[in-house]
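Single-structure report; data block below.
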Amino acid sequence: SDIECIARMLKMPVARFLAGVRDTSAPAVPNHLVGAVESGDLPITGWIDGLLVVHEGKPRGPSTAPALPEPGVPAGSEVRVLRCQTQGSMFDGLDGALVYFSVSEGVDANAVGHICVVRVRGGEALLRVVKRGYQTGRFNLSMLNGIGGEEDAELDSASPVVWLRM
């Protein structure tokens, strides 16, 4: 199922992933984000389309998202939020989901094997699973369902997803 695939890519048990899905209350702001947000909310800085391409700017719907439910990133890290607007695509099940990621300059050391927001050198930003490439400094990128993607891509950055709110 899509949920099992996403939980596996986030390297977390399905039960932990689903615990976040069931919890719809707005959690308190973690200590490392105090002062960074107002009223416990984070701004939604963009959206993800049905091809998992990341777009900057205001998405449809509310412009803020609840803060992370628990510290999932190192202190001082910048967390951004994107909304999935994937209705009618092969990723329809993600429509409306919020994607929280820890902004990285360059390719984060924890990127390989994880879902990340990647910026392809000289290209667009994408939501992809990062895998080792065939050449040093290059990466293979796959869609969340494992179908398609980019081979031996040069990346400007790869920022790991730290939480998905369905």
Side-chain angles (χ1 to χ4, degrees), residues 2 5-12 16-17 20-21 27 29-37 40-59 63-86 89 91 94-133 135-146 148-166:
D2 288 342
C5 180
I6 293 168
R8 189 170 48 255
M9 290 300 149
L10 288 172
K11 297 193 186 275
M12 67 171 54
R16 180 171 172 226
F17 178 76
V21 172
V29 179
N31 290 338
H32 66 282
L33 294 176
V34 170
V37 296
D41 290 341
L42 292 170
I44 300 174
T45 60
W47 55 282
I48 300 167
D49 68 23
L51 296 174
L52 304 182
V53 175
V54 175
H55 302 270
E56 293 183 16
K58 184 179 179 342
S63 60
T64 60
L68 288 166
E70 60 186 56
V73 295
S77 294
E78 179 183 357
V79 174
R80 289 193 188 154
V81 184
L82 303 167
R83 176 176 290 116
C84 291
Q85 294 178 187
T86 56
S89 75
F91 297 104
L94 290 176
D95 190 51
L98 298 174
V99 177
Y100 293 69
F101 66 99
S102 176
V103 178
S104 298
E105 296 294 325
V107 178
D108 186 282
N110 297 315
V112 174
H114 290 91
I115 300 172
C116 295
V117 173
V118 300
R119 184 159 305 276
V120 177
R121 180 144 308 142
E124 56 198 353
L126 308 165
L127 183 68
R128 295 289 191 268
V129 177
V130 177
K131 300 176 181 181
R132 288 180 185 81
Q135 299 179 50
T136 303
R138 299 210 179 201
F139 301 88
N140 291 336
L141 307 174
S142 66
M143 303 285 260
L144 301 185
N145 59 5
E150 298 76 19
E151 268 190 23
D152 247 13
E154 288 185 85
L155 302 180
D156 286 331
S157 65
S159 302
V161 170
V162 294
W163 194 48
L164 284 173
R165 182 182 167 115
M166 302 299 281

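We're numbering straight along the sequence, starting at 1.
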Side-chain touch [X]/[Y], heavy atoms, less than 4.5 angstrom:
X    : Y    : value
S102 : V162 : yes
P59  : Q85  : yes
L98  : P66  : yes
V107 : F139 : yes
M143 : L52  : yes

> Under 3.5 Å, is there a donor-acceptor pair linking the side chains of N140 and E151?
Replying inline: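 Short answer, no.
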
How long is the span from the [atom1] atom in [X] to the [atom2] atom in [Y], to the nearest 0.5 Å?
X    : Y    : atom1 : atom2 : result
N110 : S159 : CG    : OG    : 11.5 Å
E105 : D156 : CD    : CG    : 10.0 Å
R138 : E150 : CZ    : CD    : 13.5 Å
C116 : F101 : SG    : CZ    : 10.5 Å
H55  : T45  : NE2   : OG1   : 13.0 Å

> Taking the side chain from R121 and the backbone from E154, do they hold a donor-acceptor pair closer than 3.5 Å?
Replying inline: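 No; zero donor-acceptor contacts below 3.5 Å.
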
> Within the distance-only criterion (no hydrogens, no angle test), does the side chain of S157 pair as donor or acceptor with the backbone N or O of G106 below 3.5 angstrom?
Replying inline: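 No, S157 side chain to G106 backbone: no donor-acceptor pair under 3.5 Å.
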
> Pick one: which of V81, L82, V99 meets side chain to side chain contact (heavy atoms under 4.5 Å, CB included) with I44?
Replying inline: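 It is V81; the other options fail the test.
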
> F91 and side chain to side chain contact (heavy atoms under 4.5 Å, CB included): which partner among I48, L127, L144?
Replying inline: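 Answer to the side chain to side chain contact (heavy atoms under 4.5 Å, CB included) test with F91 among I48, L127, L144: L144.
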
Which heavy atom of [X] sits nearest a heavy atom of [Y], and at what distance?
X    : Y    : result
A158 : V130 : CB-CG2, 4.4 Å
K58  : S63  : NZ-CB, 4.3 Å
L141 : A153 : CD1-CB, 4.0 Å
W163 : A67  : CZ3-O, 4.3 Å

> With S104, which residues qualify under side-chain hydrogen bond (donor to acceptor under 3.5 Å, both in side chains), at least two apart?
Replying inline: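 Applying side-chain hydrogen bond (donor to acceptor under 3.5 Å, both in side chains) to S104 gives D108.
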
> Thinking salt bridges, do R119 and E56 make one under a 4.0 Å N-O criterion?
Replying inline: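 Yes, charged N to carboxylate O under 4.0 Å.
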
